[in-house]
Amino acid sequence: MNDASASGRIVDSRGWVLGVLTSIYLVNFIDRQILAILLPQVKAEFDLSDTFLGLLVGPTFAFFYATMGLPLALLADRVNRRRLIAASLALFSAMTIACGLVVQFWQLAVARILTGVGEAGTGPASQTMITDLYPPERRARAQAIYATGANLGVLVAFAAGGAIAQAWGWRAAFIAAGIPGLVIAVVLLATVRDPRRGASDPVASQENAPAFGTVMGQLWRSRAFRYTALGACSTCFTAYALGSFFPLFLSRSHGLSTAEIGIVMALIMGVCGGLATYAAGHLADRFGRRDQRWYSWVPALAALAPLPLAPICFLAPDTGVALAAAIVPLSLTAAFIGPTIAIVQRLVPVRSRATAVATLILIDNIVGLGLGPQFVGLASDLWKPALGEDSLRYAMLAAMAGSAVSVFGFVMAARHLRTDIAAREAAAAAPASIG
């Protein structure tokens with residue numbers, strides 16, 4: 001049965017499509033981040049060092065998630081995106097359930113690898129579908145709504161995951177996290193159609209998907225893209241370092257229980273973070289109508305704001321003071337997503353968008369998810385002989401250097417953004433003016 005024949009089941013409302021895709025991103029982040037709240041129990045069961053925990057949270061997942069993103073994005077630029085997303089969603093949900101059934105560490109590592117492979121197929125395809133549904137002046141907000149799925153996923157992962165793990169153990173938490181994605185895959189196939197590519201662009205494009213090398217050449221020639229990638233991957237370095245090890249930091253340095261940590265992380269990264277992520281996209285669209293550079297300035301400000309609060313957050317002996325200082329740094333970890341996705345998709349042709357987004361995700365996750373948690377784990381173990389249990393405090397504080405680099409990247413991207421967008425729009429309009 002094709003999409004058109006599914007009348008009565010297919011929903012045309014772009015709000016519904018955005019909601020379904022956001023729910024997929026939500027379960028994506030539940031399955032990705034739930035391991036963070038389970039680290040103390042996993043560490044105890046398998047007798048792991050902080051270095052091995054960083055390996056499990058970071059490179060084990062990130063390398064395959066990032067590298068598989070490119071071939072799956074090339075596929076998304078050529079095939080029905082709805083079906084690709086549904087298949088990928090089913091895979092990573094099943095592998096999350098498998099994480100709860102393992103009996104040895106290597107099995108958990110393999111299940112996390114396959115979780116990453118599945119998740120790689122959902123993001124770029126979803127983000128290009130959203131771009132096809134919304135005009136340029138509304139895309140950052142739409143992409144930010146989608147990005148709040150990350151915050152909501154963290155909320156559920158930490159709040160529900162922490163409660164389930166404390167009551168029934170970490171295995172039960174993994175199994176519970178994997179089930180919703182299988183249900184949403186059915187909903188996606190039953191109610192959503194793949195929108196026409198370029199449907200909301202000022203100049204319609206009928207071009208075929210270009211070769212991979214062509215897309216890479218387009219991205220490399222764009223200084224706005226290069227600096228945006230620097231800003232985004234540096235933000236991710238700090239964001240994944242904090243998100244992965246902050247629960248262990250609260251347990252080790254402040255003595256909070258698993259359930260207490262889950263509530264704290266859910267409120268800060270889930271509720272406050274979701275509001276901050278949406279606000280960043282809304283502000284970028286609002287101010288970007290007058291000056292496109294705001295699409296870079298908003299994430300630059302989001303990277304700058306946490307820097308003066310980080311020393312208080314990680315070094316304060318009082319738990320209340322540390323948590324108060326953590327609100328801004330943890331809330332802004334995903335604020336860059338909406339504006340940066342809107343930027344990248346305006347810098348390439350319509351049929352290159354999934355590949356361009358996947359390229360950004362590859363860079364973000366190799367540097368951010370791959371190196372951020374691993375850096376904290378290695379630094380914590382390296383400094384432990386001198387600093388004892390406080391080594392994790394200083395390792396996480398050192399990871400904040402990524403935010404400082406991010407500010408530089410986004411500010412530099414703003415300098416080239418208007419020129420590069422104008423060049424792309426002129427190239428898109430040129431064929432239409434011939435004859």
Side-chain angles (χ1 to χ4, degrees), residues 25-26 28-30 32-40 57 144-145 147-166 173 177 235-281 299 301-338 368-369 372-373 376 392-393 395-397 399-400 402-403 406:
Y25 200 43
L26 187 155
N28 180 311
F29 258 78
I30 292 175
R32 185 186 311 187
Q33 291 295 112
I34 195 168
L35 179 59
I37 193 68
L38 308 178
L39 281 183
V57 174
I145 291 172
T148 60
N151 301 103
L152 297 174
V154 169
L155 187 156
V156 175
F158 286 131
I164 292 172
Q166 184 155 310
T235 291
C236 285
F237 178 90
T238 298
Y240 280 114
L242 299 189
S244 299
F245 275 94
F246 202 78
L248 187 61
F249 162 71
L250 292 178
S251 172
R252 182 178 297 177
S253 298
H254 294 281
L256 272 63
S257 69
T258 301
E260 290 171 334
I261 294 169
I263 293 172
V264 167
M265 297 296 290
L267 290 175
I268 297 179
M269 294 191 73
V271 178
C272 297
L275 294 173
T277 300
Y278 173 78
L301 291 171
L304 178 64
L307 293 177
L309 294 168
I312 302 173
C313 172
F314 295 115
L315 302 182
D318 182 79
T319 301
V321 172
L323 291 178
I327 293 174
V328 171
L330 292 179
S331 295
L332 292 174
T333 54
F336 74 100
I337 297 177
L369 186 53
V376 172
L392 186 57
R393 293 180 184 264
M396 296 185 72
L397 180 60
M400 292 300 300
S403 289
S406 180

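Judged as a ring-ring contact (aromatic ring centres under 6.0 Å, His included), the pairs with a partner in residues 306-330 (not counting sequence neighbours) are, in order, Phe249-Phe314. Among residue pairs with one or both ends in residues 310-326, none qualify as salt bridge (Lys or Arg N to Asp or Glu O under 4.0 Å); sequence neighbours excluded. Note on residues 246-255: pairs passing salt bridge (Lys or Arg N to Asp or Glu O under 4.0 Å), not counting sequence neighbours, are Asp50-Arg252, Arg252-Glu389. Listed by first and then second residue, the side-chain hydrogen bond (donor to acceptor under 3.5 Å, both in side chains) pairs that reach into residues 302-317 come to none, sequence neighbours excluded. The salt bridge (Lys or Arg N to Asp or Glu O under 4.0 Å) pairs that include a residue from residues 150-162 number zero, where partners must be two or more places apart or lie in different chains.
Contact annotation: the side chain of Ser251 approaches that of Ile261 to within less than 4.5 Å [non-hydrogen atoms, C-beta and beyond].
Every residue two or more places apart in sequence or in another chain that forms a ring pair (Phe, Tyr, Trp, His ring centres under 6.0 Å) with Phe237 is listed here: Phe375. Among residues two or more places apart in sequence or in another chain, the side-chain hydrogen bond (donor to acceptor under 3.5 Å, both in side chains) test is passed with Ser406 by Thr235. Taking the side-chain contact (heavy atoms from CB on, under 4.5 Å) definition, one finds that Ala305 meets it with Val328, Leu332, sequence neighbours left out. By the side-chain contact (heavy atoms from CB on, under 4.5 Å) test, Leu304 is found to be paired with Leu307, Val407, residues two or more places apart in sequence or in another chain being considered. Applying the salt bridge (Lys or Arg N to Asp or Glu O under 4.0 Å) criterion to Arg393, with sequence neighbours excluded, gives Asp390. With sequence neighbours excluded, no residue forms a side-chain contact (heavy atoms from CB on, under 4.5 Å) with Ala144. The side-chain contact (heavy atoms from CB on, under 4.5 Å) search around Ala395 returns Val376, Ala379, Ser380, Trp383, not counting sequence neighbours.
Side-chain atoms of Thr277 come within 3.5 Å of backbone atoms of Gly273 as a donor-acceptor pair (strictly under, hydrogens ignored).
Interatomic distance, CG of Leu309 versus CG of Leu330, reported as 11.0 Å (0.5 Å rounding). Interatomic distance, Met269 CE to Gln33 CD, rounded to the nearest 0.5 Å: 6.5 Å. Interatomic distance, Leu315 CG to Ser253 OG, rounded to the nearest 0.5 Å: 10.0 Å.
Taking each heavy atom of Ser403 and Ala303 in turn, the nearest pair found is CB-O, 3.6 Å.
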